[in-house]
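As the structure is a prediction and not an experimental result, all values here were calculated from the model. Naming convention: chains lettered A, B, ... in sequence-line order (proteins, then strands); numbering from 1 in each chain.
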Amino acid sequence: MREMRANKISELLEGKVPVGEAIRVQGWVRTRRDSKAGISFIQVHDGSCFAPIQVVASESLANYESELKRLTTGCAVIVEGTLIVSAGQGQSIEIEPTSVEVVGWVNDPETYPMQPKRHSMEYLREVAHLRPRTNLIGAVTRVRNSLAQAIHRFFHERGFFWIHTPIITASDCEGAGDMFRVSTLDMVNPPRTEAGDVDFNQDFFGKESHLTVSGQLNVETYCMAMSQVYTFGPTFRAENSNTRRHLAEFWMVEPEIAFADLLDDVALAEDFLKSIYSNLLNERADDMEFFNQHIDKGLLARLEKLVTAKFEVMTYTEAIERLSKTKKKFEFPAPWGADLQSEHERYLTEEVVQGPVAVTHYPKDIKAFYMRLDEGGKTVSAMDVLVPGIGEIIGGSQREERLDVLDARIVEMGLDPAPYWWYRDLRRYGSVPHAGFGLGFERAVMYATGVDNIREVIPFPRAPRQVGF
RNA sequence: UCCGAAGUAGCUCAGUCGGUUAGAGCGGGUGGCUGUUAACCACUAGGUCGUAGGUUCGAAUCCUACCUUCGGAGCCA
């Protein structure tokens, strides 16, 4: 396989290889159509782009009758031949092969799970090992990669450092929901203390340990030395959530910037979203066209508006006023002090602003202890970025940099300050105003593709009772 | 976890006032036709109707439990 470099189908379809060149394509058969004139049209796909390329195999090939006419969806082939101008309609170029080698057959075509037809997404989840061969999951995969690369590029170009915060943590400080336990103890007969409790002193780490629910507290430590940092890695929540937008294992992006306030944070979020989505529209136009046509007709218009519109900024208090003035009926009321429901968020971004909006300064009682207390002591410097279509996509805040205020907030929320000793140290030694936000990566992919179930935008979804692949 | 809906051929579905041999499209096989486009035409194979009980002369259809999936809610990213 080394004697001749294979051509990516993407480079052929993009015109990077001149017609008439000898080429080689390696991929999998999508469909085969026979002509009794003694030729077969074989659509070959290699994942490099949305479209397959057409291979026009003639009966003059030695294995035409014996093998090529038996090709079915999913067979792996290596095609060598010439890139030619298509003699038919529907494609500009195609391949006239000098050889088509069948590398891997499909054992039982009738029961091969991937048929050249539309499958339900629920069914595709049951064959998660084969679903990347579909148009939909292939397109999602390229979009997901494009966004991930764009995120790293965005931060890298601005001098941020990617911090690999730990997956295993002994602190449940984040308080962001139930955690998965990490333990090497015998679950059936764990060692006990004299009081009868499980003796975690004898566990691997010598104390109770869990999978992380957020890298934020850890990344703040590096922010206080490296100035601009971010985490981008897996995150785990053991909540029994059975919805189309929750996973037990998902990826999260969390930047943190020093010498920055809430409006710097909003500006970063705006630049960030515009950057990664405008890059996507350029880089994966083929996949985005597919999503716009088959998944969500309004997708491209919405994304194009997002990357050009100026994000509005509105305080929570203003938002509540706007909600109280409308005649629109909501399922839930929106009194000052309560968290905004999804229906409220969508009304604000879709009807009031008709574009992206950052809502700031939420009541302190509905937000986390580490968010900076505002003048007046009723609100904190939190911000949620709301976008049409889904509502909240980013949540962030300026962090509380004053030790006395932070301590008071920890106590006020009924938390034990002791485990936060290292987090509190940051406020004792060279503390500076800083801010950051979190973006659920899968939700960003959902927004980019219009796919409405989060289980389609991650290769192997983990959710309650779902760990099969 | 709570509320609602659904499980029938390899896939997508139709079929329920209970009643002979459970149907279609796609996919597979065979043949025909065509520089074809998820081609088209003909023939053909393929189903313990989610699982376990129950009611009945008779259950895909009615009842109960369980399993699984989907949608909504809560939680949140």
What's [X] touching, base or sugar-phosphate or nothing? Going by heavy atoms closer than 4.0 Å.
X	value
A/Arg455	sugar-phosphate
A/Glu94	base
A/Gly440	sugar-phosphate
A/Ser40	nothing
A/Arg245	base
A/Gln91	base
A/Tyr123	sugar-phosphate
A/Leu247	base

Donor-acceptor pair under 3.5 Å: do we get one between [X]'s side chain and the base of [N]?
X	N	value
A/Asn242	B/U1	yes
A/His119	B/C11	no
A/Gln54	B/U36	yes
A/Ser241	B/C76	no
A/Glu239	B/G74	no

Please give the nucleotide sitting opposite [N] as a Watson-Crick or G-U wobble pair, both distances under 3.5 Å, or none.
N	answer
B/A73	B/U1
B/U68	B/A6
B/G58	none
B/A42	B/U30
B/G23	B/C13

How far, in whole Å, is [M] from [N] if one measures between their [atom1] atoms?
N	M	atom1	value
B/G10	B/C75	C1'	39 Å
B/C63	B/U1	P	25 Å
B/G28	B/A38	P	15 Å
B/A45	B/G4	C1'	40 Å
B/A14	B/G29	C1'	25 Å
B/A9	B/C76	C1'	41 Å
B/A24	B/U44	P	11 Å
B/G7	B/C49	P	14 Å

Rounded to whole Å, how long is the line connecting atom [atom1] of [X] with atom [atom2] of [N]?
X	N	atom1	atom2	value
A/Met114	B/U12	CE	P	10 Å
A/Lys69	B/G31	NZ	C1'	11 Å
A/Glu126	B/G10	CD	P	13 Å
A/Ile95	B/U36	CD1	C1'	16 Å
A/Ile93	B/U36	CD1	C1'	17 Å
A/Gln115	B/C13	CD	C1'	14 Å
A/Glu122	B/C70	CD	P	6 Å
A/Ile39	B/C33	CD1	P	15 Å

**Message:** Taking only side-chain N and O atoms of A/Arg465, does any of them lie within less than 4.0 angstrom of OP1 or OP2 on B/U68?
**Reply:**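 Yes, A/Arg465 has a side-chain N/O under 4.0 Å of OP1/OP2 on B/U68.
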
**Asked** Can you check whether A/Ser35 has a side-chain N or O nearer than 4.0 Å to OP1 or OP2 of B/U34?
**Response**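 The answer is no; no side-chain N or O of A/Ser35 sits under 4.0 Å from OP1 or OP2.
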
**Message:** Could you check whether A/Tyr370 and A/Glu220, counting side-chain N and O atoms only, form a donor-acceptor pair closer than 3.5 Å?
**Reply:**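 No, no side-chain donor-acceptor contact under 3.5 Å.
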
**Request:** Consider only side-chain N and O atoms of A/Trp336 and A/Thr317, and report whether a donor and an acceptor are under 3.5 Å apart.
**Result:**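 Judged by distance alone, the side chains do pair up.
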
**Prompt:** Can you tell if the side chain of A/Val353 reaches within under 4.5 Å of the side chain of A/Phe311, non-hydrogen atoms only?
**Reply:**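 Not in contact.
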
With the side chain of [X] defined as its heavy atoms from C-beta on, choose the nearest nucleotide among [options].
X	options	result
A/Arg244	B/G29, B/G35, B/G72	B/G72
A/Arg33	B/G10, B/G35, B/A39	B/A39
A/Gln341	B/G74, B/G35, B/C70	B/G74
A/Thr31	B/G35, B/U1, B/A39	B/A39
A/Ser86	B/U69, B/C76, B/U36	B/U36
A/Asp34	B/C75, B/C70, B/U34	B/U34
A/Phe41	B/U1, B/U36, B/G10	B/U36

**Heavy-atom pair of closest approach, residues A/Ala368 and A/Met413** =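 Looking at all heavy atoms of both residues, the shortest contact is C-SD, 4.2 Å.
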
**Identified side chain to side chain contact (heavy atoms under 4.5 Å, CB included) counterpart of A/Phe437 within the set A/Glu254, A/Gln216, A/Met383, A/Glu256** =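 Checked A/Glu254, A/Gln216, A/Met383, A/Glu256 against A/Phe437; only one passes side chain to side chain contact (heavy atoms under 4.5 Å, CB included): A/Met383.
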
**Test side chain to side chain contact (heavy atoms under 4.5 Å, CB included) applied to A/Ile394 and A/Val387, A/Leu273, A/Asp384, the passing residue** =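 By the side chain to side chain contact (heavy atoms under 4.5 Å, CB included) criterion, A/Ile394 pairs with just one of A/Val387, A/Leu273, A/Asp384: A/Leu273.
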
**Residue whose nearest RNA chain B nucleotide is more 5′ - A/Arg32 or A/Tyr112** =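 Upstream on the strand: A/Tyr112.
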
**Message:** For A/Thr73 and A/Pro113, find the nucleotide of RNA chain B closest to each by heavy atoms; which residue's nucleotide sits nearer the 5' end?
**Reply:**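 Looking at RNA chain B, the more 5' nearest nucleotide goes with A/Pro113.
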
**Message:** What I want to find out is whether A/Glu270 reaches A/Lys274 closely enough, with some N-O distance under 4.0 Å, to be called a salt bridge.
**Reply:**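 A salt bridge is present here (some side-chain N lies under 4.0 Å from a carboxylate O).
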
**Asked** When you measure from the centre of the six-membered ring of A/Phe154, is the NZ or CZ of A/Arg158 under 6.0 Å away and within 45° of the axis?
**Response**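 That pair qualifies as a cation-pi contact.
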
**Request:** Verify, without hydrogens or angle tests, whether A/Asp264 (side chain) and A/Asp261 (backbone) share a donor-acceptor contact under 3.5 angstrom.
**Result:**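 Side chain of A/Asp264 to backbone of A/Asp261: a pair is present.
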
